[in-house]
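Computed from a predicted structure; not experimentally measured. These values consider heavy atoms only, across backbone and side chains, with no hydrogens, waters or symmetry-generated copies.
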Amino acid sequence: MHRLMRTGIAVVAALTAVAAPVGGRQAQAPAGLSAQERAMADFVDANADQAIALLERVVNINSGTQNLEGVRRVGDVFRAELDGLGFQTEWVDGSSWGRAGHLVARHPADGPKLLLIGHLDTVFEPDSPFQRFERVDANTAKGPGVIDMKGGDVIILQALKALQSAGLLEAMNVTVVFTGDEEAPGRPLARARAALVEAAKGAAAAIGFEDGDGHPDHGVIARRGTTSWRLTVTGTPGHSSQVFSEELGAGAIYEAARILDAFRQRLAGEDHLTFNPGVILGGTSMDFDAVQSRGEAFGKTNVIAERTLVAGDLRALSVEQFERAQQTMREIVAASLPRTSAEIAFDEGYPPLAPTDGNRRLLSMLDQASRDLGLNPVTAVDPDRAGAADVSFVAGQVPMIIDAAGLKGTGGHTVDETADLPVLAIQAKRAAVLLARLHTGG
Ligand SMILES: [Zn+2]
């Protein structure tokens with residue numbers, strides 16, 4: 001549920017790559033690290049091959065969101081790893097929201113609670129041709145979910161193992177949530193995300209390990225929320241020769257056109273706000289299959305249209321912006337042309353992650369950790385290029401939130417999903433140092 005603007009980002013990434021070695025692979029002496037932090041970085045380097053082997057193992061287990069058993073099997077692998085690190089692990093069954101469920105792992109201790117978020121599922125179901133981890137060359141591998149986001153899940157484990165190796169994990173208060181339905185969340189959403197929201201209670205910081213825009217030196221401090229809407233319009237049928245007459249009015253298709261154009265005129269161009277009608281059906285009668293997002297319509301050129309349906313989406317950066325846009329859309333819908341009526345319904349959607357000072361502070365801590373490791377600076381990606389993801393569900397509840405701390409590459413949600421493998425160690429080091437500093441408040 002992200003990497004929406006892949007093409008634009010690829011250009012940005014390519015330009016940046018010319019300007020600076022991506023991911024900080026140039027040899028630089030780690031400067032501002034403590035002895036423990038240096039030991040963690042060494043641990044990550046020494047265990048890079050094991051981490052990639054674990055990634056290969058989980059990528060080779062199909063866990064398309066609807067493959068409930070596969071999602072659970074990937075969860076079992078990570079559960080065993082977290083058990084080995086001394087976490088209390090729990091599988092939260094997802095049958096009440098129609099999905100596999102979630103893995104929740106707690107490592108309670110004194111000190112600030114740190115929440116780490118991943119997901120077990122991918123968009124590639126068992127009938128996809130894309131099923132296996134495949135090494136392309138020394139530094140790249142293809143595979144379903146390799147960056148979105150089994151790579152991020154492995155980075156979480158690698159950072160925790162590094163913290164344990166340095167003797168730090170024991171005293172840390174860490175909760176890990178791997179959801180089982182990020183790519184196609186179950187409904188009702190509130191139930192499907194209750195375990196995540198519960199796990200976030202009292203957390204000082206939350207970090208998502210999605211792939212973000214794919215750039216190794218980008219983090220996410222804001223994501224737009226997204227919801228879908230459905231507009232249904234009813235007109236008064238009759239002979240087309242009498243359209244716009246007092247008795248018959250404008251008909252359902254003219255009314256739908258008025259509404260959509262008013263959306264565009266009133267709301268287009270507002271920063272961070274987009275809305276897009278994706279499918280429209282209209283005529284005398286029609287039949288829309290919401291699951292397949294397809295349908296049929298019947299009408300005659302000499303009959304005024306009786307029904308029109310439009311389905312679209314709406315994206316905004318804050319709850320307030322969502323509410324304002326929805327209010328405007330409702331007002332437009334209510335101002336019906338003669339002899340027509342219309343209704344708009346908004347689905348429950350992904351909430352926005354607004355850019356807060358806390359989120360900025362957490363990203364600057366990650367950036368500092370990266371520089372101290374001798375790696376590239378980390379900067380925030382444009383929120384308009386960051387799609388919705390699970391961190392958004394803890395927005396407003398956790399004072400500091402970032403995302404895109406995961407494995408990077410290209411082609412997410414396509415059969416060309418490719419990981420830049422050296423980024424795995426880079427991100428694990430950054431995360432380990434950041435978590436150690438969050439624990440001590442440093
Ligand atoms: Zn993802």
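- Judged as a ring pair (Phe, Tyr, Trp, His ring centres under 6.0 Å), the pairs with a partner in residues 53-82 (not counting sequence neighbours) are, in order, Phe78-Phe178.
- At distances below 3.5 Å, at least one donor-acceptor pair connects side-chain atoms of Arg79 with backbone N or O atoms of Thr89.
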Derivation and outcome, side-chain contact (heavy atoms from CB on, under 4.5 Å), residues Leu157 and Leu85: CA-CA 9 Å; Leu157 278 166; Leu85 287 165; 4.0 Å; yes
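- In this structure, Asn62 contributes its side chain and Gln131 its backbone to no donor-acceptor pair below 3.5 Å.
- For residues 57-71, no residue pair satisfies the salt bridge (Lys or Arg N to Asp or Glu O under 4.0 Å) rule, not counting sequence neighbours.
- The nearest pair of heavy atoms linking Leu421 to Ala141 is CD1-CB, 3.9 Å.
- Within a 6.0 Å radius of CD in Gln265, other residues, nucleotides and ligands contribute more than 12 heavy atoms.
- Classification of Glu56 and Arg135 as a salt-bridged pair fails, no side-chain N sitting under 4.0 Å from a carboxylate O.
- Taking 4.5 Å as the limit, every side-chain heavy atom of Val174 sits out of range of all side-chain heavy atoms of Leu163.
- A donor-acceptor pair under 3.5 Å links the side-chain atoms of Glu348 to the main chain of Leu189, judged by distance alone.
- A donor and an acceptor atom, one from each side chain of Arg258 and Thr340, are nowhere located under 3.5 Å apart.
- Here Ala205 pairs with Leu114, Leu362, Met400, Leu438 under the side-chain contact (heavy atoms from CB on, under 4.5 Å) rule; sequence neighbours left out.
- In this structure, the side chains of Arg99 and Pro185 stay at 4.5 Å or more apart for every pair of heavy atoms.
- Remark: side-chain polar atoms of Asp390 are not paired, donor with acceptor, to backbone N or O of Gly208 under 3.5 angstrom.
- For the atom pair CD (Glu183) and CG (Leu120), the distance works out to 11.5 Å, reported to the nearest 0.5 Å.
- In this structure, His107 and Phe87 have tilted ring planes: the angle between them lies in the 30° to 60° band.
- In this structure, the side chain of Gln242 does not engage the main chain of Glu247 through any donor-acceptor pair within 3.5 Å.
- Within the structure, every pair that satisfies the ring pair (Phe, Tyr, Trp, His ring centres under 6.0 Å) test and touches residues 381-405, not counting sequence neighbours, is listed here: Tyr350-Phe393.
- In this structure, the side chains of Ile156 and Ile207 stay at 4.5 Å or more apart for every pair of heavy atoms.
- Here the rule is side-chain contact (heavy atoms from CB on, under 4.5 Å) with Asp181, and of His102, Gln66, His119 only His102 fits it.
- The two residues Ala380 and Ile221 come nearest to each other via the heavy atoms CB-CG1, 4.0 Å.
- At least one side-chain heavy atom of Leu160 sits less than 4.5 Å from a side-chain heavy atom of Leu82.
- Looking at heavy atoms from C-beta onward, Thr274 lies out of side-chain contact with Asp384 at the 4.5 angstrom threshold.
- Partners of Gln327 under the side-chain hydrogen bond (donor to acceptor under 3.5 Å, both in side chains) rule, at least two apart in sequence or in another chain, are Glu331.
- In terms of heavy atoms, Ser336 sits closest to Ser341 at OG-CA, 3.7 Å.
- Between Asn60 and Phe133, the shortest heavy-atom distance links the atoms OD1-N, 2.7 Å.
- Side chain of Glu417 to main chain of Val146: a donor-acceptor pair is present (N/O by atom type, distance under 3.5 Å, no hydrogens or angles).
- At a threshold of 4.5 Å between non-hydrogen side-chain atoms, the residues Asp217 and Pro377 do not count as touching.
- In terms of modelled atom types and a separation under 3.5 Å, the side chain of Asp347 and the main chain of Ser228 share no donor-acceptor contact.
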Under 3.5 Å, which donor-acceptor pairs link side chains of residues 279-299 to any protein atom two or more places apart or in another chain?
residue: Asp289; atom: OD1; partner: Val291; partner atom: N; Å: 3.0
residue: Asp289; atom: OD1; partner: Gln292; partner atom: N; Å: 3.2

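- Residues meeting the side-chain hydrogen bond (donor to acceptor under 3.5 Å, both in side chains) test with Gln368, sequence neighbours left out: Asp372.
- For Lys408, there are no side-chain hydrogen bond (donor to acceptor under 3.5 Å, both in side chains) partners, not counting sequence neighbours.
- To the nearest 0.5 Å, atom CD1 of residue Ile344 and atom CZ of residue Phe263 are 4.0 Å apart.
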Can you list, pair by pair, the side-chain donor-acceptor contacts under 3.5 Å of residues 229-238, counting residues two or more places apart and other chains?
residue: Trp229; atom: NE1; partner: Asp313; partner atom: O; Å: 2.8
residue: Thr236; atom: OG1; partner: Arg339; partner atom: O; Å: 2.9

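- In this view, Tyr254 and Phe244 satisfy the ring pair (Phe, Tyr, Trp, His ring centres under 6.0 Å) rule, not counting sequence neighbours.
- Put simply, the side chain of Asp121 gets close to the backbone of Glu182: a donor and an acceptor are under 3.5 Å apart.
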Leu435 and His439: CA distance, side-chain angles, deciding distance, side-chain contact (heavy atoms from CB on, under 4.5 Å) verdict: CA-CA 6 Å; Leu435 291 169; His439 173 66; over 6 Å; no
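- The pair Asp367-Arg371 meets the salt-bridge criterion, with a side-chain N (NZ, NE, NH1 or NH2) lying under 4.0 Å from an Asp/Glu carboxylate O.
- Here the side chain of Glu125 pairs a donor or acceptor atom with the backbone of Thr65 at under 3.5 angstrom.
- The shortest heavy-atom contact between Ala222 and Ala354 is CB-C, 4.2 Å.
- No side-chain N or O of Asp213 forms a donor-acceptor pair with one of His215 less than 3.5 Å apart.
- Within the 4.5 Å cutoff, side-chain heavy atoms of Leu314 are placed close to those of Leu273.
- Without hydrogens or angle criteria, Lys113 side chain to Ala199 main chain gives a donor-acceptor distance under 3.5 Å.
- Counting all heavy atoms, side chain and backbone alike, Ala395 lies closest to Leu353 at CB-CD1, 3.8 Å.
- In this model, a donor atom of one side chain and an acceptor atom of the other lie less than 3.5 Å apart for Asp137 and Thr140.
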Steps toward side-chain contact (heavy atoms from CB on, under 4.5 Å) verdict (Leu248, His239): CA-CA 9 Å; Leu248 297 180; His239 198 279; 5.5 Å; no
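- The residues Asp76 and Arg73 are annotated as not salt-bridged, no charged nitrogen and carboxylate oxygen being separated by less than 4.0 angstrom.
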Which donor-acceptor pairs under 3.5 Å do side chains of residues 318-325 form with protein atoms, sequence neighbours excluded?
residue: Ser318; atom: OG; partner: Gln321; partner atom: N; Å: 3.0
residue: Glu320; atom: OE1; partner: Arg324; partner atom: NH2; Å: 3.2
residue: Glu320; atom: OE2; partner: Arg324; partner atom: NE; Å: 2.7
residue: Gln321; atom: OE1; partner: Leu317; partner atom: N; Å: 2.8
residue: Gln321; atom: NE2; partner: Glu270; partner atom: OE2; Å: 2.9
residue: Gln321; atom: NE2; partner: Asp271; partner atom: O; Å: 2.8
residue: Arg324; atom: NH1; partner: Glu270; partner atom: OE2; Å: 3.2

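- Using a 4.5 Å cut-off on side-chain heavy atoms (C-beta onward), Gln427 and Gln158 make no contact.
- Checked against side-chain hydrogen bond (donor to acceptor under 3.5 Å, both in side chains), Ser370 has the following partners two or more places apart in sequence or in another chain: Arg430.
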Criterion salt bridge (Lys or Arg N to Asp or Glu O under 4.0 Å) on Lys150 and Asp153, from CA distance to verdict: CA-CA 5 Å; Lys150 290 171 178 174; Asp153 299 337; over 6 Å; no
